[in-house]
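For reference, the structure is listed below as structure tokens.
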There are 2 protein chains.
Amino acid sequence: MLSDSPGASRISEATAQRIRETAERLGYYPNVAARRLASSRTDLVGVLADTFFYSISLRRLEATTRALLKGGYQPLVWAADWSPDGWTQAHSILASNSAAGAVLLGPTYPVPTTEIARGLTGAGIPTVSFDAGDGLPGAGVDRLGAFYELTRAAIGAGHTKIGYLQPGQVTQPDVLRMAGIEAAVSECPHVTLVTFHPFPADAPPAREHSRDLGFETGRLGAHRYLEDDHPPSAIICYSDDVAISFMHTVQSAGVKVPEDVAVFGFDGLPESSCSYPPLTTIEQPVDAVGAAAVGSLLSLINVPDTASEEYRLLPGRLIARESTGTLPRFPQDGDGPVDPKPHDG
Amino acid sequence: MLSDSPGASRISEATAQRIRETAERLGYYPNVAARRLASSRTDLVGVLADTFFYSISLRRLEATTRALLKGGYQPLVWAADWSPDGWTQAHSILASNSAAGAVLLGPTYPVPTTEIARGLTGAGIPTVSFDAGDGLPGAGVDRLGAFYELTRAAIGAGHTKIGYLQPGQVTQPDVLRMAGIEAAVSECPHVTLVTFHPFPADAPPAREHSRDLGFETGRLGAHRYLEDDHPPSAIICYSDDVAISFMHTVQSAGVKVPEDVAVFGFDGLPESSCSYPPLTTIEQPVDAVGAAAVGSLLSLINVPDTASEEYRLLPGRLIARESTGTLPRFPQDGDGPVDPKPHDG
DNA sequence: CTGAAAGCGCTTACAG
DNA sequence: CTGAAAGCGCTTACAG
């Protein structure tokens, strides 16, 4: 079979065309297994995650798959399901399949991303991070910047006591969120920060409500908020899921959003535009991050000597909606991202 | 390498154990490509969809992947992206990879599922349908039954003019929805049905808002509703996305839900519990359907002579919430599924 | 029951 | 530039 990869072939285009036609007529398909064995190269790229239970991780999976397919690679999907053993299995599957590379969708819980990446690159499998934190090449949304911006917006709107609703497990992305919030708060001495931990620290996620863990987090976080005698007037939530569920639960208890408490989300999923009230959030550029992460992997595969250990940070986009009341406009570079209009026009 | 598949091996367990230990110490991994080439069998199963743009299709992808991995098979993911050409490519990828089978995640637009399945089974690739309609083995949620039940609930609540908000493209699953609604309506002569088509019939989906097409559908459908001089008092929506967006848009125009219009969804995604008001919907048993579809594929692969052309229909579960006001209880088999309590306890 | 040989369908150096 | 041979790492029939 003619392999179309080596660019300029040795045979004429007309001949190649005739071969292709004959091949199609005969129902011939090149044998991928034989090709891989002979060339000792594959077009397989592992797409590894600790879980695909959240909307946002499924979006990442989709973005990665799309970028890989577009680049001529086949995704090899694997979910470790929060088990250290799962990551070991992922490694052996990639090794057995002679995978050309791997994309780690972050965060990788409970095994640190850098540890997994070290194992894979040590086995000759170039590995990049997709929102799994730096320490290896790849790309991610700028969480620190995003949460800095959310906090600045809350402060700018006059809030002096700001709450942060944390997730169940503390992973690197969460550390970045906290860092962004704290950076903004530390600039304003009159502003205090309180954190809400809905789950016991570092509790492993329970499989029972794993599929709507974000919603459960928001619900439990709302109860912590309601128990608070002097609750903050603004709450920054880990994610949109958490924020939507938080609003729903406190509203059931008679709390008004945004009058009593302004609520900020993070992710920018479509559903955030139809929550009650519509959610102020920062949209993650999932497709762009996926394209950047895959792009850096492909260059790592094709030009192994490029020690381009770069981790690209892409900015999120603030979408101001009713859940925070009116937000002041901050002067921005280019002044593009802030969109004070509600979603439906 | 010792292949663990043939069950009782020729060597003792102790020896096998020593081999495994040595293999691990040496960092040996069996070469999957060589194994596939030699045995002319693979553990690859195609997971094919027209798109992964919707929350529910990503959930199906996740359920299928999980079931496949659990059964010892590797998913080979492919999205045709609404292109007939995409389906042709899917076929050649599966053939080139000597895939052991395929799961079609429905609906397959614009190529009919049965046509794709015929091509694949003709090429020796057993194929099942996951919510892609019958005509081939597999499994799906009982859409006809679900929409019958939703309509019965609306009628039971006293609505005599019921609206159905259709999606952009009419596919087989949508035909089943309509059939369920019409069956219930035809039983009650005093009830009339009106349908809302937000998009021109059979318009191909626009890539621009493909990722939040459900929300766009709800928004446009709401405008049709608002233009109506004698609008129905109950609206059954194609999906949760559509319903949530519909409610949001009509509420912006001053319409009260459920007082002015009762809204019914379908899917039972977590976000439906936190909409405003919380959405009455039917939950799809995605994991169970995925397990059933994969189960039927595996039996097709392992026992090819079983002409088990069965398409299993799994029932959805009605979750009554505030978007429809109080719903009367229908006597049910076992009387279990109806849950009149709102989500948060 | 065991071991050595053939062969799966390609790619890749290597003679011609 | 072209064609025939070797070989990728396994599995599988097939002699012993």
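Every chain is numbered from 1 and lettered A, B, ... according to where its sequence line falls, protein lines coming before strand lines.
Taking the C1' atoms as reference points, C:dA13 lies 22 Å from D:dC10, given to the whole Å. The gap from the C1' atom of C:dG9 to that of D:dC14 amounts to 22 Å, rounded to the nearest Å.
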In a table with atom names and distances, give each donor-acceptor pair under 3.5 Å that connects a side chain of residues 91-106 of chain B to protein atoms at least two apart or in another chain.
from	atom 1	to	atom 2	distance (Å)
B:S92	OG	B:Q89	O	3.1
B:S96	OG	A:P30	O	3.2
B:S96	OG	B:S92	O	3.1
B:N97	ND2	B:I93	O	2.8

Expected list for residues 115-123 of chain B: side-chain donor-acceptor pairs under 3.5 angstrom, two or more places apart:
from	atom 1	to	atom 2	distance (Å)
B:T121	OG1	B:A117	O	2.9
B:T121	OG1	B:R118	O	3.3

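Neither OP1 nor OP2 of D:dC10 sits under 4.0 Å from any side-chain N or O of B:R41. Side-chain nitrogen and oxygen atoms of B:Y28 include at least one within less than 4.0 Å of the OP1 or OP2 phosphate oxygen of D:dC10.
The nearest whole Å value for the distance from the CG atom in B:L37 to the P atom in C:dA6 is 17 Å. Going from atom CZ of A:R36 over to atom C1' of D:dG7 covers 19 Å, rounded to whole Å. Rounded to an integer number of Å, the gap from B:N31 CG to C:dC8 C1' is 13 Å.
Nearest to the side-chain atoms of B:A38 among the listed nucleotides D:dC8, D:dT11, D:dT12 stands D:dT11. Of all nucleotides listed (C:dG9, C:dT11, C:dT12), C:dT11 comes nearest to the side chain of A:R35. Taking only side-chain atoms of B:S39, from C-beta outward, the nucleotide of C:dC10, D:dT12, D:dG9 with the closest atom is D:dT12.
In this structure, the ring of A:W82 has its center less than 6.0 angstrom from the ring center of A:F53.
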### Task
Dot-bracket notation for DNA chain C is requested: 5' to 3', Watson-Crick or G-U wobble pairs only, both distances under 3.5 Å, with ( ), [ ], | and . as defined.
|||.||||||||.|||
### Message
Before you tell me yes or no, could you show the steps for A:R59 and A:D267 under salt bridge (Lys or Arg N to Asp or Glu O under 4.0 Å), namely the whole-Å CA-CA distance, both residues' side-chain angles and the distance that decides it to 0.1 Å?
### Response
CA-CA 11 Å; A:R59 290 286 171 191; A:D267 278 349; over 6 Å; no
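Annotation: the span from B:N31 atom CG to B:R36 atom CZ amounts to 9.5 Å, rounded to 0.5 Å. How far CD of A:Q172 is from OG1 of A:T108: 9.0 Å, rounded to the nearest 0.5 Å.
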